[in-house]
Amino acid sequence: MKKTTQLRQLLHSQQLEFLLEAHNGISAKIVEEAQFSGIWASGLGISAQLGVRDNNEASWTQVLEVVEFMSDATSIPILLDGDTGYGNFNNLRRLVKKLEQREIAGVCIEDKLFPKTNSFINGTTQPLADIAEFCGKIKAAKDAQSDDDFVVIARIEALIAGWGLTEALKRATAYTEAGADGILIHSALSVADEILAFKREWGDRTPVIIVPTKYYSTPTSIFQDYNFSIVIWANHLLRAAVTTMQTVAKTIHQEANLLSIEDTIVPVSEVFRLQDSAELLQAEQRYLPHSQRSVKTILLAASRGIEFGQLTETKPKCMLTLQGQPLLAQVVASYHKVGIKNITVVRGYQKQAVNLPNLDYVDNDRYDSTGELVSLATALETNSRTDSDLIIGYGDVLLKQYILQLLLENTSELAIVVDANWRNRSPRVRPDYVNCSLVNSTKAFYTQVFLREIGSNLSETEICGLWTGLLKVSGQIKQIFPEIVTKLLQQPLMESQGRIPDLINELVSQKCQIEVIYITGHWLDVDEIEDILKVGKFS
Ligand code: SPV
Ligand code: MG
């Protein structure tokens with residue numbers, strides 16, 4: 001239902017309705033979440049949160065900007081405290097047009113002079129508007145509205161200014177004849193007597209709104225009994241915010257730490273929820289190009305590297321120092337260079353020695369008796385429930401940055417990187433050769449190439465390249481990926497010896513298409529002593 005229609009219905013409903021003050025987008029949202037059916041966009045509240053006085057120091061367009069945020073953040077109607085209309089009839093009718101464009105449901109104008117002063121500051125000394133002039137304003141506002149349900153409320157200040165009931169009733173009659181949809185009768189007394197007297201005389205000629213800021217001790221049931229239309233709680237979120245901000249600011253200043261206030265204020269996650277950050281995350285999934293999706297990396301680094309002998313007695317091979325830097329640090333650096341920050345390292349052997357900063361760690365404490373697949377499964381336990389793409393790699397495989405970039409830009413759900421220059425690589429104990437739908441060639445540049453099989457025992461004619469240790473998992477398949485790993489681990493020998501190539505073959509056997517990205521060199525698998533000798537000296 002349109003917000004204007006909602007407000008009009010509140011105005012005319014049989015029961016007493018309530019509006020709560022809000023002064024910006026987040027407070028407006030809080031009002032709606034508290035189940036109020038409407039919002040009072042308070043002049044006092046809006047000016048105060050801008051740090052200025054309630055004297056039209058904020059321009060009308062500045063007020064308009066604030067209520068636009070409030071309206072965007074909510075679906076319940078907003079009644080704007082339009083002060084005196086920010087000028088004469090002409091300013092007011094322009095305001096009405098701009099309010100309608102922003103889906104503000106109505107405006108309340110008070111019969112004082114521009115620039116106004118808050119009614120609770122020397123209220124009795126404040127001059128009232130000329131009745132005819134104010135009626136002209138009301139007419140202009142009603143003529144300006146294009147939506148029939150837009151509401152114009154005439155606020156009577158006669159009681160505040162000390163003119164008494166007769167003047168208030170005279171004004172109410174004139175304003176109603178001019179077209180006002182309702183009357184707001186204001187009072188600065190601490191008892192409700194004068195507004196009740198007004199209502200007794202006015203009866204139900206038009207809906208009457210009240211603001212019991214000063215006569216707050218009056219039971220709400222009395223307002224109900226008198227058949228008032230709407231009660232406005234006019235400034236209570238602003239005042240509550242001031243109380244809390246003053247207390248918190250003072251405490252933080254005095255204690256110079258956050259310990260005693262942390263549990264008394266909402267966590268930032270609550271702020272994110274109010275801002276609906278979740279919606280943006282979903283939208284990013286839908287609208288951002290694939291290469292900008294968030295990516296998580298799992299680096300497998302649990303094994304010792306027994307072939308390094310004494311060098312790996314106190315630390316695993318990924319922490320061996322090569323040309324002044326641990327291998328793992330160099331590997332991580334190339335991921336960082338392509339913007340991948342979210343890296344989980346699976347540790348095992350001498351895990352305490354794997355201690356580089358800014359990495360997440362999970363431990364495969366059974367590294368001695370289990371294979372890589374168990375390490376992967378351990379990491380997936382903490383990494384699978386995200387929308388990020390996943391790159392699985394090794395903590396001891398050095399790569400040129402462009403190789404990771406190719407993998408990031410690839411749009412297939414599953415992809416591996418394969419070195420077509422396999423004949424030039426040094427011999428390995430257990431080489432991960434691959435057989436693909438196409439060998440690397442000019443044709444492979446513009447044709448998608450898919451994996452058929454990965455294994456050490458492929459015949460020379462079958463081999464299209466050597467797997468580099470990189471696997472990317474994204475899209476739908478990511479949801480079932482952990483399950484595939486878990487199931488595979490139940491097969492014989494998989495727990496003790498299962499490797500990532502076993503998983504890749506399992507994916508192929510389940511008819512998953514794995515795209516092959518060909519490269520030629522530019523990576524180094526430091527499992528091979530010979531490879532290391534090419535690069536430099538280890539320690
Ligand atoms: C406001 O909230 O700005 C009002 C109500 O105008 S009052 O402050 O009570 O006058
Ligand atoms: Mg006001």
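Whatever order the structure lists ligands and atoms in, that order sets their numbers, starting from 1. These numbers were taken from a predicted model, which means no experiment stands behind them. Starting from 1, each residue takes its place in the sequence as its number.
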(message) Using a 4.0 Å cutoff against the non-hydrogen atoms of Gly43, which atoms of ligand 1 qualify?
(response) 1 (C), 3 (O)
(message) Looking at Asn358, I'd like to know if its CG atom is crowded, meaning that more than 12 non-hydrogen atoms belonging to other residues, nucleotides or ligands lie closer than 6.0 Å.
(response) no
(request) Please say whether Phe120 places an N or O atom under 3.5 Å from an N or O atom belonging to ligand 1. (result) no
(request) Quick one: give me the number of protein N/O/S atoms under 2.8 Å from the Mg ion (ligand 2). (result) 1
(message) Distance alone, cut at 3.5 Å: any donor-acceptor contact between the side chains of Ser119 and Glu157?
(response) yes
(request) Output yes when the distance from some N or O of ligand 1 to some N or O of Trp40 is under 3.5 Å, and no in every other case. (result) yes
(message) Heavy-atom pairs closer than 4.0 Å: do any link ligand 1 to the side chain of Leu44, the backbone, both, or neither?
(response) both
(message) Does this structure show an ion pair linking Lys3 with Asp149, if we count only N-O contacts that are shorter than 4.0 Å?
(response) no
(request) Among all protein heavy atoms, pick out the one at the shortest distance from atom 7 (S) of ligand 1; state its residue, atom name and that distance to 0.1 Å. (result) His186 NE2, 3.6 Å
(message) Between Asp72 and Arg102, does any NZ, NE, NH1 or NH2 come within less than 4.0 Å of an OD or OE carboxylate oxygen?
(response) no
(request) Return the residue, atom name and 0.1 Å-rounded distance of the protein heavy atom closest to atom 5 (C) of ligand 1. (result) Arg155 NH1, 3.8 Å
(message) For a ring-ring contact (aromatic ring centres under 6.0 Å, His included) check, start with the C-alpha distance between Phe36 and Phe18, then their side-chain angles and the critical distance, and finish with the verdict.
(response) CA-CA 7 Å; Phe36 278 88; Phe18 301 91; 7.3 Å; no
(request) Consider only side-chain N and O atoms of Glu515 and Ser412, and report whether a donor and an acceptor are under 3.5 Å apart. (result) yes
(request) Determine, considering heavy atoms only, which of Gly123, Ser42, Ala41 sits nearest to atom 2 (O) of ligand 1. (result) Ser42
(request) Please confirm whether the backbone N or O of Lys112 pairs with a side-chain atom of Glu110, one donor and one acceptor, at under 3.5 Å? (result) no
(request) State whether a side-chain donor-acceptor pair under 3.5 Å links Lys97 with Ser146. (result) no
(message) Looking only at protein heavy atoms, which one is nearest to atom 1 (C) of ligand 1, and what is the separation?
(response) Asp81 OD2, 3.1 Å
(message) Does only the side chain of Asn118 get under 4.0 Å from ligand 1, or the backbone, or both, or neither? Count heavy atoms.
(response) side chain
(request) Determine yes or no for a side-chain-to-main-chain donor-acceptor pair under 3.5 angstrom, with Glu413 supplying the side chain and Ile477 the backbone. (result) yes
(request) Answer yes or no: is there an ion pair linking Glu32 with Lys29, defined by an N-O contact shorter than 4.0 Å? (result) no
(message) Whether Lys214 engages the ring of Phe120 as a cation-pi pair (distance to the six-membered ring centre under 6.0 angstrom, angle to the ring normal within 45°) should be assessed.
(response) yes
(message) Tell me the contacting part of Glu21 for ligand 1: side chain, backbone, both, or neither, using a 4.0 Å heavy-atom threshold, strictly below.
(response) neither
